[in-house]
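Because the structure is predicted, anything quoted here is derived from the model rather than measured. Order of the sequence lines fixes the chain letters, A, B, ..., with proteins taken first and strands second; residue numbering starts at 1 for each chain. All heavy atoms count here, side chains included; hydrogens, waters and symmetry mates do not.
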2 protein chains.
Amino acid sequence: MSLPHAILTALLEKPSSGLDLTRRFDKSIGYFWSATHQQIYRELGKLEAEGFIRALPTEQPARGQRKSYEVLPAGRAELQRWTAAAQDPKPHRDALLLRLRAAAVVGTAGLETDLRRHLDLHRRQLAEYEEIEKRDFPPGNDSAQARLQHLVLRAGIELETFWIQWLTEALEELPEPAEQAS
Amino acid sequence: MSLPHAILTALLEKPSSGLDLTRRFDKSIGYFWSATHQQIYRELGKLEAEGFIRALPTEQPARGQRKSYEVLPAGRAELQRWTAAAQDPKPHRDALLLRLRAAAVVGTAGLETDLRRHLDLHRRQLAEYEEIEKRDFPPGNDSAQARLQHLVLRAGIELETFWIQWLTEALEELPEPAEQAS
DNA sequence: GCTCATTGTGCAACTAGTTGCATAATCCGT
DNA sequence: ACGGATTATGCAACTAGTTGCACAATGAGC
């Protein structure tokens, strides 16, 4: 149950419309909590109904009309509560590791191409993170807020670094063109 | 759509009943693809209907009666197909990173306890993985199958190591008892 | 002024995963 | 032999997330 809180966080950082949020999810919060625009619109409706946010009273609220939201005090309180509450880590699900495990049984034929593709995707993601780091966290900025945000970004950087290294190892492990392990 | 393939993999490693599978998911495959017993029973039904597995013909198939399944050739073929098929990485969702990001906005009050708890959980998981590594992958076993399985286990070990290190850093970053960052 | 691509909001239907409970068989102590 | 814990299977209802589509408003080209 984290999507509403992801949205509250984003809205506190900056009041936004549904589409703004969708865009920001694609390039920031979405790195560790992705959401589609439909999820976001639905959730905005719920959050408004619960009194956690409200639409900024601008013009006509017709279809195809931007509607911006801001967080109300109750919303901030809820986010604070959620942040401090104990939460069990969700069980992980990683299809790639599962595939390697399956490959140990049915053979690695055909795997290499996709592993290389994943390696490439992770390299791009890492580059993107490093770009953000250079841009948003130059040395010397040490407000509490910046330090926490930087910490989160570094988690992303280190995870990508891990995957790149692991995939490289995995590719070395793969046998020549064809082999069957069963 | 990976659960059926996780089950096929597990059944290829060893034909099992629903409960056997549930147990094995808890201590092996489930480390990177968790599933509850209900998911497993439902999926076993589907896989049987699709002709990928069949119940081992033993005794009465009544309720409360063990029923074991084995993989049929079609099931193995399907697993092979899936293993080789290209798959996009699913977007990650990590509630803990999200919380840290929220904490950057609403303050870190109350976070420390739960971070310590997570740190502890990751330490235990790492210990468990290392135990398995010592037991199942002693130096010198170099069959293709063992090397791949070991590779997967090492991913688990390195990920836990990462989280332990990152959480340690995060805890250092937290200010004394109370502070507000908004 | 009209048409067409783009922007922005949203509904509906679906898939995957979770939670809570029901029920049958078996095993174990008495 | 009976009663309660444990083992084993499963249904039903729910929550979260995804996919596909509909439709209004806006702006740009002609």
Side-chain angles (χ1 to χ4, degrees), chain A residues 1-8 10-11 15-26 29-30 32-50 53-56 58-69 82 87-95 98, chain B residues 1-8 10-11 15-26 29-30 32-50 53-56 58-69 82 87-95 98:
Chain A
M1 260 272 296
S2 304
L3 178 57
H5 303 98
I7 292 177
L8 287 173
L11 285 181
S16 310
S17 68
L19 196 65
D20 285 347
L21 280 175
T22 305
R23 295 231 173 89
R24 290 169 55 205
F25 266 69
D26 283 345
I29 298 223
F32 42 87
W33 204 278
S34 68
T36 60
H37 69 125
Q38 287 86 348
Q39 276 180 282
I40 288 170
Y41 283 119
R42 211 184 329 174
E43 206 59 47
L44 283 172
K46 283 193 210 167
L47 286 168
E48 191 177 22
E50 287 168 322
I53 62 174
R54 67 160 181 182
L56 283 180
T58 26
E59 312 86 53
Q60 340 70 355
R63 241 163 184 263
Q65 201 70 18
R66 264 152 175 282
K67 209 180 352 173
S68 273
Y69 292 92
W82 177 81
Q87 286 176 48
D88 285 327
K90 285 264 153 181
H92 341 132
R93 292 213 165 99
D94 190 298
L98 185 59
Chain B
M1 259 273 296
S2 304
L3 178 58
H5 303 98
I7 291 178
L8 287 172
L11 285 181
S16 309
S17 67
L19 196 65
D20 286 346
L21 280 174
T22 306
R23 296 231 172 89
R24 290 169 57 204
F25 266 69
D26 284 344
I29 298 223
F32 41 86
W33 203 277
S34 68
T36 61
H37 69 118
Q38 287 86 347
Q39 275 180 282
I40 288 170
Y41 283 119
R42 210 183 331 173
E43 205 61 45
L44 283 172
K46 283 193 212 166
L47 287 167
E48 190 176 22
E50 288 169 322
I53 63 174
R54 65 161 184 183
L56 283 180
T58 27
E59 313 84 57
Q60 341 70 357
R63 244 167 181 262
Q65 200 70 19
R66 264 153 176 280
K67 209 180 353 175
S68 274
Y69 292 92
W82 176 80
Q87 285 175 48
D88 285 326
K90 285 263 155 183
H92 338 134
R93 293 212 164 100
D94 189 297
L98 185 58

Under-3.5 Å N/O pairs linking protein and nucleotides 18-21 of chain D:
unit_1	atom_1	unit_2	atom_2	d
D:dT18	OP2	A:Gln39	OE1	2.9
D:dT18	OP2	B:Arg93	NH2	3.1
D:dT18	O4	A:Arg42	NH2	2.5
D:dG20	O6	A:Gln38	NE2	2.9

To the nearest Å, give me how far apart [atom1] ([X]) and [atom2] ([N]) are.
X	N	atom1	atom2	answer
B:Leu19	C:dT26	CG	P	15 Å
B:Met1	C:dA16	CE	C1'	10 Å
A:Lys46	C:dT9	NZ	P	19 Å
A:Arg24	C:dG8	CZ	P	14 Å
B:Ile7	C:dA16	CD1	P	12 Å
B:His92	D:dG17	NE2	P	15 Å
B:Leu47	C:dA16	CG	P	12 Å
A:Ile40	C:dC11	CD1	P	15 Å

Under 4.5 Å between any side-chain heavy atoms of [X] and [Y], yes or no?
X	Y	result
B:Leu21	B:Ile29	no
B:Lys46	B:Pro4	no
B:Ser68	B:Pro15	no

Could you pull out all donor-acceptor pairs under 3.5 Å where a side-chain atom in residues 34-43 of chain B meets a protein atom, sequence neighbours excluded?
unit_1	atom_1	unit_2	atom_2	d
B:Ser34	OG	A:Arg93	NH2	3.3
B:Thr36	OG1	B:Gln39	N	3.4
B:Gln39	OE1	B:Thr36	N	3.1

Value rounded to 0.5 Å, distance of OH in B:Tyr69 from CG in B:Leu11: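 Atom-to-atom, B:Tyr69:OH and B:Leu11:CG are 9.5 Å apart.
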Distance in Å, B:Trp82 CH2 paired with B:His5 NE2, rounded so as to fall on 0.5 Å steps: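 Here the interatomic distance stands at 6.5 Å.
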5' precedence on DNA chain D between A:Ser2 and B:Arg23 (nearest-nucleotide basis):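 Nearest-nucleotide comparison on DNA chain D picks B:Arg23.
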D:dG10 phosphate, OP1 or OP2, under 4.0 Å from B:Tyr41 side-chain N/O: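 Checking D:dG10 against B:Tyr41, no side-chain N or O comes under 4.0 Å of OP1 or OP2.
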Pairing residues for B:Asp20 by the salt bridge (Lys or Arg N to Asp or Glu O under 4.0 Å) criterion, not counting sequence neighbours: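 Testing B:Asp20 for salt bridge (Lys or Arg N to Asp or Glu O under 4.0 Å), a comparison that skips the adjacent residues, returns B:Arg66.
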Sugar-phosphate only, base, or nothing, as touched by A:Thr22 at under 4.0 Å among non-hydrogen atoms: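 No contact.
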